2 protein chains.
Amino acid sequence: MELTERKKKVLRGVVDLYIRTAEPVGSKAIAELPDMNFSSATIRNEMADLTAMGYLEQPHTSAGRIPSAAGYRLYVDELMADYRLSMDETRSINSAIEEKMARVDKMVEKVAKLVSQATNLPAISAASRAGGATVKRFDLILAGQGSFILVLLLSTDEVVNKLIKLPLNITETDLKLLAAVCNATLTGLTPDDITPELLDKIMTSAGTSASLVPVIVEFTNDTLRHHGSTNMVVTGQQRLLGLPEYRDVDKAMTVMTSLDEDSLSGLPAVMMNENGTKVLVGPENVAQELKDSSVVMTKFDIGDGLQGMIGVVGPTRMDYAKVTARLSYFAESLSKLFAKPEQAKLPEATEEKQ
Amino acid sequence: MELTERKKKVLRGVVDLYIRTAEPVGSKAIAELPDMNFSSATIRNEMADLTAMGYLEQPHTSAGRIPSAAGYRLYVDELMADYRLSMDETRSINSAIEEKMARVDKMVEKVAKLVSQATNLPAISAASRAGGATVKRFDLILAGQGSFILVLLLSTDEVVNKLIKLPLNITETDLKLLAAVCNATLTGLTPDDITPELLDKIMTSAGTSASLVPVIVEFTNDTLRHHGSTNMVVTGQQRLLGLPEYRDVDKAMTVMTSLDEDSLSGLPAVMMNENGTKVLVGPENVAQELKDSSVVMTKFDIGDGLQGMIGVVGPTRMDYAKVTARLSYFAESLSKLFAKPEQAKLPEATEEKQ
DNA sequence: TTTTAGCACTCAACGTCCCTGAGTGCTAAG
DNA sequence: CTTAGCACTCAGGGACGTTGAGTGCTAAAA
């Protein structure tokens, strides 16, 4: 059977209405739509066809139709109208974003809250490193009797440090030597490059302070390995409860539990390989618990080799047009915010803190 | 009217049963309790008295009794039996805790999840600094053309750093001088001590690199000011939905919203001034939204001048004995964990990362 | 051939009514 | 002071009928 223009129009009408009302949509309601110059009987035939084609479903014989997952998919891909953000919306998003987002982890939390608020849905926000880093430079600073600070300057221009206390006496000369050795041998290496043999070699060249080498190497390894780790926040889960499809507490709990757990931890990774805004409708979700829910997500640039990701989870009946519009706008604004050199008074500074 | 021993026994019975069943408790059920050698009629009289005294309530005339807030209060303070953790419980808590808790913020998140799991209730976890910190030592490391790393060693032995890039040429000598000036003038100061006049004085003594001073001072101020800030996580909210009192979706949403928002941000502060485990029953909660819920919380030591706090939120009908027992054990174990010098291979090291 | 009016049919949702049973308070006897 | 007995209350749940939105099909109209 062919998907005529009229069928598409009917389908769009059904999805639009169902998104608004959460009630099965009948032929009469569609017939009464403006621009729909046919009687309910005609619509009825079209709807029967659409049902046969798998785009609509019927909860029971004497009820209206609701979109199937395939119906939503078609809607998202082809039918939905562009949603244009109102001035009010852009303004409120902007003013929310403009607040200072100091530390990355606080930023992730903040963004999640904002997105959740803007969409009235649970939101996910995450930040992760683009790729593996290496150490560009080692520094060792004496910090009093038997303690020194290890400072790593990474290839991403981040700085990481650790205060190390030892039951040993360390001299400035020891540290200078050690730093030189490390800089000579360990810079530019990934954790995998650091073999036990290499470690041995370094320890012999370190001479008297050989015992410090393992501590330094261990911390370096640790830092590089955990470097790509994702920072993720989920918030606003309770917003689901306001929606009719989650009045069924068990259903709500299932979805919320899957949000709370680490089952979502795959999402940011999925997103990183995609471009633009991605919509996962119902069963397209990998997680079984989300088979009746949809996910909309998009990514943005943070700078400093960081990638951000925001997304929301909601009923398959969510207002895709509005949600994708808001999410995209959010992502755009955030990218811009981080791209523009912070209007520091004098210098341009990259922050890396605690 | 006097609160006789028998009345207390009846009250304890009612609370215990109600905690187990979430159903109003009738006189017959109490009469059938072991150790309760009276007929239901007698119990009925006692229950009528307890109702008059405000310890019990009656949902409607032909229903059993449920404890009032005052009833719970009395129960928590005097009546409840000590709950002894089983070997299984202590073992599972221990093994959960033993996992490495690297960074403080990750630790807070982890602990929240564990507590929520152990109690099957939403949990709050927070960490915050005990008091203000000062800078013990400044270091400036040249990191290539026009950029250097500022390293602050704080009085708490934490290390904080920032990579600063400037459109200027900086020499090693400049930095040495600057570091000396900062160490001479800024160490041991709180943000409030740093007046504009002092800033002026430092800038003049800094000579050619005067323009760097404001950047350094700003970052220092920022660091010290944000030092005491609390790090808080709430998790497991969906667990409420499993409890009969929150089958009413609206009620659940109210409570969960108040958990999600920053209305809880006062709690950690409240706790810091208390000792031991604190129970807030229903209306004793400041937040109006929690008037039908209870909060149990306790604190623990993290070391490095950090204080931790864990708590759970649940229905007033929660199993106070079990929850307080588990929470206290958690707190104890965590304190121990952080107190014991990490069994590092060679040295004893304090970690401060990223 | 396509559209539409008409009609019989279906069925969830809702309200009404009644019954059941748990639990109560009171009274009078033990 | 305790308890057996009894009349009373009332939420919860099942049975039943009504309502109305929506359907599919057919036959006439365009």
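Remember, it's a predicted structure, so these values are computed and weren't measured experimentally.
Pairs of Watson-Crick or G-U wobble type, with distances under 3.5 Å, assemble into runs of 3 or more in DNA chain C at these ranges: C:1-30 with D:1-30.
Checking C/dG25, C/dC11, D/dC10 against the side-chain heavy atoms of A/S62 singles out C/dC11 as nearest.
Phosphate contact (OP1/OP2 of D/dT23, side-chain N/O of A/T61, threshold under 4.0 Å): absent.
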Report the C-alpha separation of A/M47 and A/L56 in whole Å, then their side-chain angles, then the decisive distance to 0.1 Å, and conclude whether the side chain to side chain contact (heavy atoms under 4.5 Å, CB included) test is met.
CA-CA 8 Å; A/M47 283 167 85; A/L56 294 179; 4.3 Å; yes
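Toward the 5′ end of DNA chain C lies the nearest nucleotide of A/R6, the other residue of the pair A/R6 and B/V25 mapping further downstream.
At distances below 3.5 Å, not a single donor-acceptor pair connects side-chain atoms of B/R65 with backbone N or O atoms of B/V25.
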Show me the donor-acceptor pairs within less than 3.5 Å that the side chains of residues 26-36 of chain B make with the rest of the protein, sequence neighbours left out.
from  : atom 1 : to    : atom 2 : distance (Å)
B/S27 : OG     : B/R44 : NH1    : 3.4

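Taking atom CD of A/Q58 as the reference point, atom P of C/dC9 lies 18 Å away to the nearest angstrom. Atom NE2 of B/H60 is separated from atom C1' of D/dA11 by 5 Å (rounded to the nearest Å). Between A/L17 atom CG and D/dA21 atom C1' there is a gap of 15 Å when expressed in whole angstrom units. If you take CD of A/E5 and P of C/dT2, they are 17 Å apart, rounded to a whole angstrom. When rounded to the nearest whole Å, the span between CD of B/E23 and P of D/dA11 equals 15 Å. One atom, CG of A/D49, and another, C1' of D/dC25, lie 14 Å apart when rounded to the nearest Å. Across the protein-nucleic acid pair, A/R65 atom CZ and D/dA21 atom C1' stand 13 Å apart, rounded to whole Å.
Within 6.0 Å of atom CG in A/D82, 12 or fewer heavy atoms from other residues, nucleotides or ligands are found, so the atom counts as exposed in its surroundings. In the displayed structure, A/R20 atom CZ is contacted under 6.0 Å by at most 12 heavy atoms of other residues, nucleotides or ligands.
The existence of a salt bridge linking A/R73 and A/E284 is confirmed by a sub-4.0 Å separation between a basic side-chain nitrogen and an acidic carboxylate oxygen.
Checked against the 6.0 Å centroid criterion, the rings of B/Y72 and B/Y320 qualify as a close aromatic pair.
For the contact set between residues 28-48 of chain B and DNA chain C, defined by any heavy atom under 4.0 Å, the members are B/R44, B/M47.
A side-chain donor from one of A/T235 and B/D260 sits under 3.5 Å from a side-chain acceptor of the other.
Under a cutoff of 6.0 Å and an axis angle of 45°, B/R6 and B/F38 form a cation-pi pair.
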